[in-house]
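All chains are named by letter (A, B, ...) in the order of the sequence lines, taking the proteins before the strands, and each is independently numbered beginning at 1.
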Amino acid sequence: MLELRLVQGSILKKVLESIKDLVNDANFDFSSSGLTLQSMDSSHIALVALLLKSEGFEHYRCDRNTSMGMNLGNMSKMLKCAGNDDILTIKGDDVSDTVTFMFTSDLVREIFFYKIADFEMKLMDIDNEHLGIPEAEYHAIVKMPSAEFARICKVLASIGDTGDIGTANIVLRQNTTVDKPEDATVIEMNEPVSMTFALRYMNTFTKATPLSNTVTISLSPDLPVVVKYKIAEMGYVRFYLTPKMEE
Amino acid sequence: PIHQQVLYYYFLDL
């Protein structure tokens, strides 16, 4: 028996929008501690790791560990039928090969649900590779407004990486003299680090911008970059991308 | 030439 209720159903919609362009199919792993997903893109140079902790759900029942393979494109289509203020319920069981998404509006919740919609989606068998990602010390960790990071990636990608139309340099300095803490840019640097990444992937990661006001970028020369979007009270979406290196 | 390692190179395949 699996039953999860998320009052802010829009969170799962945003999560799907942030990962569906990177990964087509993925296993959602449910345990008593929460919902996790780990999947690589088809070229195996980028990885997404999702955590939604059980405490973040209004109701969370997972009798035994379950893995559900879902097509993220189809799941996104179903979740798009939910209003942004809808409560989302996910139901599954051990015997059927489907998962049910139920959307209920919260207009007059104490009395009755104004609208109930449910969608049943077929599950699929996915041979998911799982990578062990060790905790690491990073040379530099940058915490900055997520919208600003998205803007920078978009601008750089539009100029292109061939040098045909010229070059672009963007310097971001630490800035903590801001009214709101989420507007700050904080750079923790243990050692200088210089790395090159495929902007196409970085731009895909920024689809997670609606999930969080801030983004954390962790860099070490020997490791894939980690681009982390914290989901308040619930967990995170983390993206990993391997660097481009000179032969 | 510029090359890009796959993730297995950095992380343990469980």
Side-chain angles (χ1 to χ4, degrees), chain A residues 22-23 26-27 29 36-49 65 67 127-139 160-163 193-202 204-205 218-227 238-247, chain B:
Chain A
L22 194 67
V23 176
N27 280 326
D29 301 315
T36 59
L37 174 152
Q38 193 205 82
S39 188
M40 280 182 278
D41 81 304
S42 57
S43 58
H44 294 186
I45 61 166
L47 179 142
V48 55
N65 292 0
S67 195
D127 191 14
N128 211 17
E129 294 160 290
H130 219 78
L131 295 185
I133 304 167
E135 286 295 315
E137 293 281 320
Y138 285 91
H139 279 37
D161 54 12
T162 57
V193 53
S194 173
M195 300 172 81
T196 307
F197 295 100
L199 273 169
R200 189 169 65 82
Y201 281 92
M202 284 290 184
T204 307
F205 301 163
S218 305
L219 297 154
S220 251
D222 311 324
L223 286 172
V225 62
V226 192
V227 180
R238 287 178 186 170
F239 299 99
Y240 296 82
L241 176 64
T242 68
K244 288 183 157 193
M245 290 181 299
E246 296 275 352
E247 194 84 358
Chain B
I2 290 171
H3 75 288
Q4 199 159 10
Q5 299 278 11
V6 292
L7 284 154
Y8 307 111
Y9 178 84
Y10 302 92
F11 298 144
L12 187 66
D13 192 2
L14 295 176

Could you look at A:S43 and say if it's the side chain, the backbone, both or neither that has a heavy atom under 4.5 Å from chain B?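 For A:S43, backbone heavy atoms alone lie under 4.5 Å from chain B.
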
Counting only heavy atoms closer than 4.5 Å, note whether A:M245 contacts chain B via side chain, backbone, both or neither. both

Rounded at 0.5 Å granularity, tell me how far CG in A:D222 sits from OH in B:Y9.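 Reported value, rounded in 0.5 Å steps: 8.5 Å.
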
State, to 0.1 Å, how close [X] and [Y] come at their nearest heavy-atom pair, and which atoms those are.
X	Y	result
A:L131	B:L7	CD1-CB, 3.7 Å
B:Q5	A:I45	O-CG2, 3.7 Å
A:E246	B:H3	O-CE1, 4.1 Å

Could you check whether atom OH of B:Y8 has more than 12 heavy atoms from other residues, nucleotides or ligands sitting under 6.0 Å from it?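 Counting other residues, nucleotides and ligands, OH of B:Y8 exceeds 12 neighbours.
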
Between A:Y240 and B:Y10, ring centroids under 6.0 Å: no

